[in-house]
Amino acid sequence: MTSDRSAGLAESARALADGEVTSRSLVEAALARIEATQTSLNAFRIVRTESALAEAEAADRELAAGVRKPLLGVPVAVKDDMDVAGEPTAFGCRGEFPPVAKDGEAVRRLRAAGAVIVGKTNTCEFGQWPFTEGPAFGATRNPWSTEHTPGGSSGGSAAAVAAGLVPAALGSDGAGSVRIPASWTHLIGIKPQRGRISTWPRGESFQGITVNGTLARTVADAALLLDAAAGNHDLDPHRPPAVDALQATRRDPGRLRIALSLKPPFTALPARLQPEVRARVVQLAEELGDLGHIVEEADPPYGQIGLTFVPRATAGLAERVREAPFPTLLDRRTRDAARLGGLLGGVPLRAARRAEAVLHRRIGTFFTTYDVILAPTTAAPPPRIGALLGLGGLATDRAMIAACPYAWPWNVLGWPGVNVPAGFVGGGLPVGAQLLGPANSEPLLISLAAQLEARLRWHTAWPPEHAVTDSPAA
């Protein structure tokens with residue numbers, strides 16, 4: 001087995017099954033890496049030291065007895081919007097939250113696959129923003145440059161995986177919250193079809209725009225975690241047909257028609273693709289052309305899709321705020337957005353939900369001409385720590401849209417998207433590109449991502465060691 005920092009999910013599972021390592025040793029090493037980097041990266045809100053070690057010892061007993069499960073004994077992390085029995089779910093908020101009684105469905109399935117949950121990763125307040133900072137836990141930092149954010153809202157999961165603290169982690173994506181931090185930390189980030197990974201105990205999260213997804217350094221590891229976490233609770237309203245994501249990584253995607261879409265979708269505020277990011281995405285398009293695919297510039301007929309996003313996002317936030325045990329401790333931007341959600345939660349919300357079927361038909365016609373869309377994941381590289389934290393509501397919206405105008409339409413549609421690394425821009429900061437497809441197209445997107453990975457071998461690049469282990473300057 002390779003060194004601890006570079007051992008991936010699949011490699012760890014294989015080594016455990018072959019008896020080369022123990023779960024106890026892998027979990028101890030992961031916990032040591034987490035402890036060593038909390039002052040520099042601050043990726044975790046909760047570290048389950050005693051519980052994880054006990055679960056690792058139980059996994060070792062199963063392994064010794066000949067039991068085999070896909071992730072038996074492998075340490076992984078989950079975002080702190082997911083319920084883990086015996087732990088609080090604060091979702092980026094201040095206050096002392098009580099422990100929950102039961103695992104959420106996604107966590108239950110990870111445990112059934114044998115995974116050891118070493119901790120819960122940081123996220124911004126209710127997952128609203130593309131940065132992972134706040135008074136509840138401080139700032140989570142990017143392993144590639146600790147002066148910059150890893151993105152959000154799954155920034156803790158992304159930082160943990162990018163730094164090699166764990167081989168893979170679950171995040172959630174409501175407007176790009178898996179794909180954006182994957183882009184800014186040089187990872188694979190899979191936002192699956194709505195319902196692929198259950199969000200239970202909520203049948204829908206944020207009026208159906210938020211789904212759970214996976215972050216890993218390789219396509220195969222992201223796919224393996226997706227297969228392990230996928231599936232539904234009996235009461236889930238969205239139940240897509242099963243896919244075999246890992247098998248898709250071994251499949252040739254064939255010769256595809258790929259639309260290079262560089263124009264930002266409709267937004268109420270202006271957004272511009274920064275030239276250095278554009279150059280990296282165009283270079284990726286050229287690589288796809290060299291692989292034999294037909295690539296041409298074309299933009300989907302988004303129309304005014306943003307008008308359907310805002311009622312769903314803000315009404316979903318209003319639901320969370322009504323449940324919050326410490327509402328006075330919430331960010332003013334959160335309270336203001338929730339008030340807007342209260343106003344939009346009636347007729348506008350119903351109209352936004354009805355519009356999804358129209359959007360499916362209109363944008364679905366685009367996929368009669370093209371198989372896949374290649375688009376930037378973000379318009380800019382990651383901002384510096386603190387750049388958005390103290391802004392007012394409108395200024396935050398402007399900054400978010402300027403940096404991240406590309407990801408959210410696929411949350412309205414509920415369709416899959418995969419972030420792949422697109423390279424580095426000034427100062428060595430990672431940026432990414434999205435592979436986007438129609439309903440239930442994860443196997444196609446994953447097979448194409450794996451083909452690109454085999455050519456570009458982006459997973460061989462690691463963040464600088466000093467950025468991961470040194471505490472940032474005050």
Side-chain angles (χ1 to χ4, degrees), residues 5-6 33-34 36-45 77 79-80 92 119 121-124 127-134 137-169 171 173 176-189 215-217 274 276-277 280 376-390 399-400 402-404 407 419-433 458-474:
R5 184 167 120 152
S6 61
R33 291 191 296 270
I34 293 166
T37 58
Q38 272 299 95
T39 56
S40 56
L41 297 184
N42 188 29
F44 282 81
R45 180 77 181 258
K79 183 177 178 178
D80 192 27
T121 57
N122 278 326
T123 175
C124 59
Q128 299 170 81
W129 304 304
F131 57 87
T132 301
E133 302 169 54
F137 58 86
T140 296
R141 296 174 180 269
N142 195 319
W144 293 90
S145 168
T146 53
E147 296 177 354
H148 293 82
T149 181
S153 62
S154 305
S157 287
V161 176
L165 311 187
V166 289
D173 190 312
S177 286
V178 162
R179 290 162 289 156
I180 290 165
S183 167
W184 284 346
T185 58
H186 197 68
L187 296 178
I188 304 299
L215 295 121
R217 291 179 48 80
Q274 291 192 11
E276 57 184 352
V277 180
R280 298 284 79 76
T377 302
T378 68
R384 288 184 174 273
I385 292 289
L388 284 73
L389 183 62
M400 285 198 302
C404 304
N419 176 81
V420 296
F424 300 87
V425 296
L429 295 172
V431 293
W458 49 56
H459 55 288
T460 60
W462 281 93
E465 190 78 33
H466 68 83
V468 175
T469 57
D470 293 349
S471 298

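For clarity, every value in this text was computed on a predicted model and none was experimentally measured.
- Between W144 and H186, the ring planes lie perpendicular to each other; the angle is over 60°, past the 30° to 60° tilted range.
- With a 4.5 Å cut-off on side-chain heavy atoms, L187 and R217 count as touching.
- Legend: residues meeting side chain to side chain donor-acceptor pair (under 3.5 Å) with R280, ordered by chain and number and at least two apart, are Q283.
- Between N42 and R141, the closest side-chain pair of non-hydrogen atoms is not below 4.5 Å.
- T378 is linked by a side chain to side chain donor-acceptor pair (under 3.5 Å) to W184, counting only residues two or more places apart in sequence or in another chain.
- K79 and S154 share a donor-acceptor pair across their side chains, judged by distance under 3.5 Å alone.
- Between the side chain of N122 and the main chain of T132, no donor-acceptor pair closer than 3.5 Å is present.
- The minimum heavy-atom distance linking G432 with S183 is given by the pair N-OG, 2.7 Å.
- Atoms CZ and CG, from R179 and D173 in turn, are 4.0 Å apart once rounded to the nearest 0.5 Å.
- When all heavy atoms of A158 and T185 are compared, the closest pair comes out as CB-OG1, 3.6 Å.
- Note that SG of C404 is 10.5 Å distant from CZ of F131, once rounded to the nearest 0.5 Å.
- Looking at heavy atoms from C-beta onward, I188 lies in side-chain contact with P421 at the 4.5 angstrom threshold.
- Of all heavy-atom pairs spanning P463 and P143, the tightest one is CB-O, 3.4 Å.
- Between F137 and D80, every side-chain heavy-atom pair lies at or beyond the 4.5 Å cut-off.
- Annotation: salt bridge (Lys or Arg N to Asp or Glu O under 4.0 Å) contacts involving residues 157-169, sequence neighbours excluded, are absent.
- Closest approach of S157 and L215 over heavy atoms only: CB-CD1, 3.8 Å.
- When side chains are defined from C-beta on, V178 does not count as touching N419, because their heavy atoms never get closer than 4.5 Å.
- Between L41 and T140, every side-chain heavy-atom pair lies at or beyond the 4.5 Å cut-off.
- Heavy atoms only, all atoms of each residue included: A139 and I385 are closest at CB-CG2, 3.9 Å.
- Heavy-atom minimum distance, P130 versus I180: CB-CG2, 4.3 Å.
- Judged purely by atom type and a 3.5 angstrom limit, R384 has no side-chain atom pairing as donor or acceptor with the backbone of E147.
- A donor-acceptor contact shorter than 3.5 Å links the side chain of T123 to the backbone of S153.
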